[in-house]
Undergrad: 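Here's a structure for you.
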Amino acid sequence: QKEVEQDPGPLSVPEGAIVSLNCTYSNSAFQYFMWYRQYSRKGPELLMYTYSSGNKEDGRFTAQVDKSSKYISLFIRDSQPSDSATYLCAMTGGGTDSWGKFQFGAGTQVVVTP
Amino acid sequence: NAGVTQTPKFQVLKTGQSMTLQCAQDMNHNSMYWYRQDPGMGLRLIYYSASEGTTDKGEVPNGYNVSRLNKREFSLRLESAAPSQTSVYFCASTWGNGNEQFFGPGTRLTVL
């Protein structure tokens, strides 16, 4: 069983809708949680970074972490066609034994239709 | 700044051939990483280098070797390519413990 599970989609939404993405994980040692966006045939780019539990907002993007449920979410408000991409969650323990060792989800493909 | 650059962008190999994937970063980052990305599998760490002169195995190191040539450059070598190594390879770099990684554009490798 993978340490990080993510629905591959595709998730299709109309322009202006809220996109809701999530990942579940099994390793309670994870402390740092990231969301990356990857356009087709490009490298991933960091969108959001959260430490431990709680919410973080950046413009149209909100990241939530619920460590008690081992569940993280990303919400995109007022979605635009330019948001069409694959979204990857990633997480790590942050300690010296997990230094630099991320676990990535498989990615969810999002399509925003005009 | 060019960020993280990778060469080549595309490569086709025959089984048993060898090749080296090149990666360079101009952000003065200490740490560099090699990942492979396969459908349904996400990104998996092959090798990483915490600093110049050090390298460590990641999740899927078999069949690969790496060299941290200097602070800027981190290469990945396939000594005897196998069809199972068909994948998209990404190099990444970061400061410190790597919670914000910057990725290159990737190399698409096909092994026939």
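We use all heavy atoms of the structure for the numbers below, so side chains are in, but hydrogens, waters and symmetry mates are not. Note on naming: letters A, B, ... go to the chains in the order of the sequence lines (proteins, then strands), and numbering restarts at 1 for each one.
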Undergrad: Any pair with a residue in residues 19-28 of chain B that passes side-chain hydrogen bond (donor to acceptor under 3.5 Å, both in side chains), sequence neighbours left out, goes on the list, sorted by first then second residue, please.
TA: B:Thr20-B:Arg77, B:Asn28-B:Lys71
Undergrad: Say you draw a straight line from OH of A:Tyr36 to CD of B:Glu100; how long is it, rounded to the nearest 0.5 Å?
TA: 7.0 Å
Undergrad: Quick one: which residues of residues 39-49 of chain A reach chain B at under 4.5 angstrom, heavy atoms only?
TA: A:Arg41, A:Lys42, A:Gly43, A:Pro44, A:Leu46, A:Tyr49
Undergrad: Checking B:Thr110 now: which residues fulfil side-chain hydrogen bond (donor to acceptor under 3.5 Å, both in side chains) with it, not counting sequence neighbours?
TA: none
Undergrad: Quick check: do A:Leu88 and B:Gln37 have side-chain heavy atoms less than 4.5 Å from each other?
TA: yes
Undergrad: Report yes or no: do B:Val88 and B:Leu109 belong to one cluster of Ile/Leu/Val/Met/Phe/Trp/Tyr joined by side chain heavy-atom distances under 4.5 Å?
TA: no
Undergrad: Are A:Tyr25 and A:Leu21 connected, step by step, through hydrophobic side chains (Ile, Leu, Val, Met, Phe, Trp, Tyr) whose heavy atoms are closer than 4.5 Å?
TA: yes
Undergrad: For B:Glu59, which atoms come within 4.5 Å of any heavy atom of chain A: side chain, backbone, both, or neither?
TA: side chain
Undergrad: Starting from A:Tyr32, can I reach A:Met91 by hopping between I/L/V/M/F/W/Y residues whose side chains sit under 4.5 Å apart?
TA: no
Undergrad: Does B:Leu69 have more than 12 heavy atoms from other residues, nucleotides or ligands lying within 6.0 Å of its CG?
TA: yes
Undergrad: Which heavy-atom pair separates B:Gly40 from A:Ala106 by the least distance, and what is that distance?
TA: O-CB, 3.6 Å
Undergrad: Is it the case that one hydrophobic cluster holds both A:Val19 and A:Val65, taking links as side-chain heavy atoms less than 4.5 Å apart, direct or via other members?
TA: yes
Undergrad: Atom CG in B:Leu43, atom CD in A:Gln38: separation rounded to 0.5 Å?
TA: 6.5 Å
Undergrad: With only heavy atoms counted, which part of A:Gln6 is less than 4.5 Å from chain B, the side chain, the backbone, both or neither?
TA: neither
Undergrad: Of all heavy-atom pairs between B:Gln101 and A:Phe102, which one has the smallest distance, and what is that distance?
TA: NE2-CE1, 3.6 Å
Undergrad: Could you pull out all residues at least two apart from B:Asp38 that satisfy salt bridge (Lys or Arg N to Asp or Glu O under 4.0 Å)?
TA: B:Arg36, B:Arg44
Undergrad: In terms of hydrophobic clusters joined by side-chain contacts under 4.5 Å, are B:Tyr48 and B:Phe103 together?
TA: yes
